[in-house]
Amino acid sequence: MTILNKAFYEIGTLKVAQALIGKKLIRQIGGIELSGMIVETEAYCGSKDSACHAHRGKTNRNSVMFGPPGHAYVYFTYGMHYLLNTVTETQGNPCAVLIRAILPVDGLEEMEARRKRKGRELTNGPAKLCQALEIDKSFNGWDLTAGDKLWVEGYKKIPAKLISATPRIGIDYATEKHRNAPWRFVIKA
DNA sequence: CTCTCGATGTTCT
DNA sequence: GAACATCGAGAGG
């Protein structure tokens, strides 16, 4: 399958968030390949979005979002969790898409070992999938279009009818307008 | 099943 | 010093 290129990440943050549903996230550790189909994402639309980290301007933490599209923005939160985003839009426009959940495809047992858990609890949350795929701060700024260690490929075509848009999770700090914006995309059950 | 609450440390005010 | 794009254990129905 083809690795998603830089142009894919430039088509618009909301479109990327929707288009990432059904794609395959791949993590190579040594000779082993762990992967999963993306089933839930959220769009964070730059300086005008009060839920986005870049809302208050460039800081040390969010500087990767100001860089080129197609790179990973990984940050640490709640004192114990990493979250994975893909940078979108053209360089200098600080937007990103948060990967919130995947369905395991390859390397199920490896993920179970890292998570010390099985089944639904394996990768159904943004911090859970990072733990399952061993993604940490060292991937902040990683080029996702190079096909090394961590990247995203085409996988399944999901009809728009099967994708629902809902408000984003865990952003009580944002303004009402942005709290209610339907910028979270999920495959319908 | 649902709800509440504590963990834990980096970042920003 | 407060807040945080979360998770999981434990209590209760």
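Just the heavy atoms: all of them, side chains too, but no hydrogens, waters or symmetry mates, feed the values below. It should be emphasised that the depicted structure is a prediction, and the values quoted were computed from it without experimental measurement. Convention: sequence-line order gives letters A, B, ...; per-chain numbering from 1.
For dG9(B), the OP1/OP2 oxygens have no side-chain nitrogen or oxygen of R61(A) closer than 4.0 Å. When the side-chain nitrogen and oxygen atoms of K116(A) are compared with OP1 and OP2 of dG8(C), none of them lie within a distance under 4.0 Å. The shortest distance between the side-chain N/O atoms of Y173(A) and the OP1/OP2 oxygens of dA5(C) is below 4.0 Å. Between H53(A) and dA5(C) there is a side-chain N or O to OP1 or OP2 distance below 4.0 Å.
Within a 6.0 Å radius of NZ in K188(A), more than 12 heavy atoms belonging to other residues, nucleotides or ligands are found. Heavy-atom neighbours of R56(A) CZ from other residues, nucleotides or ligands within 6.0 Å: at or below the threshold of 12.
Using a 4.0 Å heavy-atom cutoff across all strands shown, R184(A) reaches no nucleic acid atom at all. Using a 4.0 Å heavy-atom criterion, one finds that K137(A) contacts the sugar-phosphate atoms exclusively. Within the 4.0 angstrom heavy-atom criterion, only backbone atoms of the sugar-phosphate kind lie near R100(A); the bases stay farther away. As judged by a 4.0 angstrom heavy-atom cut-off over every strand, F76(A) is placed among residues touching the sugar-phosphate backbone only. Within the 4.0 angstrom heavy-atom criterion, base atoms lie near L98(A).
As rounded to whole Å, 12 Å separates atom C1' of dC5(B) from atom CE of M80(A). With rounding to whole Å, R168(A) atom CZ is found 12 Å from dT6(C) atom P. In this structure, NE2 of H178(A) is placed 15 Å from P of dA5(C), rounded to the nearest angstrom. Atom OH in Y82(A) sits about 11 Å away from atom P in dG9(B), given to the nearest Å. Atom CG of L129(A) is separated from atom C1' of dC7(C) by 13 Å (rounded to the nearest Å). Between the P atom of dT11(B) and the CG atom of N140(A) lies a distance of 10 Å, rounded to the nearest Å. If you measure from atom OH of Y78(A) to atom P of dT11(B), you get 16 Å, rounded to the nearest angstrom. Computed from coordinates, the N124(A) CG to dC7(C) P distance equals 8 Å when rounded to whole Å.
Closest to the side chain of Y73(A), from the set dC7(C), dT13(B), dA5(C), is dA5(C). Each of dT6(C), dA7(B), dG8(C) was ranked by its minimum atom distance to the side chain of I169(A); first place goes to dT6(C). Listed candidates were dC12(B), dA5(C), dT8(B). Nearest to the side chain of T59(A) is dC12(B).
Taking for each of G170(A) and R117(A) the nucleotide of DNA chain C with the nearest heavy atom, the 5'-most of the two is the partner of G170(A). Projected onto DNA chain C by closest heavy-atom contact, A54(A) and E121(A) fall at different nucleotides, the more 5' of which corresponds to A54(A).
For the strand DNA chain C, secondary-structure stems (runs of at least three Watson-Crick or G-U pairs, all distances below 3.5 Å) span B:1-7 with C:6-12, B:9-12 with C:1-4.
No donor-acceptor pair closer than 3.5 Å links the side chain of S35(A) to the backbone N or O of I26(A).
A salt bridge links R100(A) with E42(A): the distance from a Lys NZ or Arg NE/NH1/NH2 to an Asp or Glu carboxylate oxygen falls below 4.0 Å.
Linking ILVMFWY residues whenever their side-chain heavy atoms come closer than 4.5 Å, directly or via other members, places L25(A) and V74(A) in the same cluster.
Only one option out of V16(A), L20(A), N85(A), L98(A) pairs with T41(A) in a side chain to side chain contact (heavy atoms under 4.5 Å, CB included); it is L20(A). Of the listed residues (Y75(A), F76(A), Y73(A)), just one forms a ring pair (Phe, Tyr, Trp, His ring centres under 6.0 Å) with Y82(A), and that residue is F76(A).
A cation-pi contact, defined as under 6.0 Å to the ring centre and within 45° of the axis, is absent between R27(A) and F139(A).
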